[in-house]
Amino acid sequence: MMFTVAIDGPAAAGKGTISRAVAERFGFAHLDTGALYRAVGVKGGDPVLAARGLTPEDLARDDLRTLEAGQAASKVAVIPEVRQALLDFQRDFARRAGGAVLDGRDIGTVICPAAEVKLFVTASPEVRAHRRWLEVGGDAAQVLAEVKERDARDMTRADAPLRPAADAVVIDTSSLGIEEAVAAACAVVSERLCK
């Protein structure tokens, strides 16, 4: 069975947590596509060459979840040649037998526009900045500024801007706990699987 769940949304909205939980619940493979861009960003050098030469070791680095890696990912993600280099990898993963969950910023709009389920997970910038601050620490005001800066860059880039697909189900996690957010996502997936 091929069944693709595309989960998009801005940084620290909860899409990674929800994606992993959905994949586990339904026995689907999971790909955090942001890790691809984070790995390209932290590799340094020519980002296009880094994207073309990405290895499993690059994706296993322990510094991919830092604030710096997130900023680097956002900067290389605006480069069309980087996006193209990673496109086929993501599409092949999405159509693997047994089902797949991909989370990122353009899964439902560009990578997998025919996905069986499209979710857009969001939360207010203040809530997302607080979550990120709890994760990485530092100055809370600076984290909020960086979240807003990244949102602006991701939403206004010319190639594959961050936005919900027209047929995506929007889940706002601003006032939801993890269990509630995961339950909302799983309910959508269950309903589509039964059709």
Between [X] and [Y], is there a shared hydrophobic cluster once you connect ILVMFWY residues whose side-chain heavy atoms come closer than 4.5 Å?
X      : Y      : value
Val42  : Val48  : no
Leu59  : Leu31  : yes
Ile178 : Val5   : yes
Val182 : Leu193 : yes
Leu36  : Ile111 : yes

Basic-acidic side-chain contact under 4.0 Å: [X], [Y]:
X      : Y      : answer
Arg131 : Glu135 : no
Asp106 : Arg83  : yes
Arg157 : Asp154 : yes

- Message: Applying salt bridge (Lys or Arg N to Asp or Glu O under 4.0 Å) to Arg163 and Asp8, what does each step give before you reach the verdict?
- Response: CA-CA 8 Å; Arg163 61 181 167 75; Asp8 293 309; over 6 Å; no
How long is the gap from [atom1] on [X] to [atom2] on [Y], to the nearest 0.5 Å?
X      : Y      : atom1 : atom2 : value
Gln90  : Cys112 : CD    : SG    : 7.5 Å
His30  : Arg20  : NE2   : CZ    : 6.0 Å
Ser174 : His130 : OG    : NE2   : 12.5 Å
Asp139 : Trp133 : CG    : CH2   : 10.0 Å
Ile18  : Ile7   : CD1   : CD1   : 6.5 Å
Asp92  : Leu87  : CG    : CG    : 9.0 Å

Where do [X] and [Y] come nearest, in terms of heavy atoms and distance?
X      : Y      : result
Ala29  : Ala23  : O-CB, 4.2 Å
Gly53  : Asp58  : O-OD2, 3.9 Å
Ala50  : Gly44  : CB-O, 4.3 Å
Ala115 : Ala6   : CB-CB, 3.9 Å
Ala39  : Leu54  : CB-CD1, 3.8 Å
Val22  : Cys186 : CG2-SG, 4.1 Å

- Answer yes or no for Arg91 and Phe93: cation-pi contact, defined as NZ/CZ to six-membered ring centre under 6.0 Å and angle to ring axis within 45°. no
Short question: side chain of [X], backbone of [Y] - any donor-acceptor pair under 3.5 Å?
X      : Y      : value
Glu180 : Gly177 : yes
Thr33  : Asp103 : yes
Gln142 : Gly138 : no
Thr173 : Leu176 : no
Thr66  : Asp63  : yes

- Message: Could you walk me through whether Gln84 and Arg52 satisfy the side-chain hydrogen bond (donor to acceptor under 3.5 Å, both in side chains) test, starting with their C-alpha distance in whole Å, then the side-chain angles of each, then the deciding distance to 0.1 Å, before giving a yes or no?
- Response: CA-CA 9 Å; Gln84 188 60 45; Arg52 290 179 181 151; over 6 Å; no
- Derivation of the salt bridge (Lys or Arg N to Asp or Glu O under 4.0 Å) call for Arg150 and Glu146: CA-CA 6 Å; Arg150 182 166 183 193; Glu146 289 173 357; over 6 Å; no
- Count the heavy atoms belonging to other residues, nucleotides or ligands that lie under 6.0 Å from CD of Glu24, then report whether that count exceeds 12. no
- Only residue of Arg95, Lys118, Arg96 satisfying side chain to side chain donor-acceptor pair (under 3.5 Å) with Thr4 is Arg95
Would you say [X] and [Y] make side-chain contact, with heavy atoms under 4.5 Å?
X      : Y      : value
Val169 : Phe120 : no
Pro161 : Met155 : no
Arg128 : Asp151 : yes
Lys43  : Val40  : no

- Kindly write out the residues that satisfy ring pair (Phe, Tyr, Trp, His ring centres under 6.0 Å) with Phe28, not counting sequence neighbours, or none if the list is empty. Phe3, Phe26
- Message: As a quick check of understanding, evaluate side chain to side chain contact (heavy atoms under 4.5 Å, CB included) for Arg61 and Leu64, giving each step before the final call.
- Response: CA-CA 6 Å; Arg61 291 175 60 137; Leu64 295 185; 4.0 Å; yes
- Message: Could you walk me through whether Ser190 and Arg25 satisfy the side chain to side chain contact (heavy atoms under 4.5 Å, CB included) test, starting with their C-alpha distance in whole Å, then the side-chain angles of each, then the deciding distance to 0.1 Å, before giving a yes or no?
- Response: CA-CA 10 Å; Ser190 290; Arg25 161 73 172 78; 4.2 Å; yes
- Exactly one of Lys15, Arg38, Arg105, Arg65 clears salt bridge (Lys or Arg N to Asp or Glu O under 4.0 Å) with Asp32, and that residue is Arg65
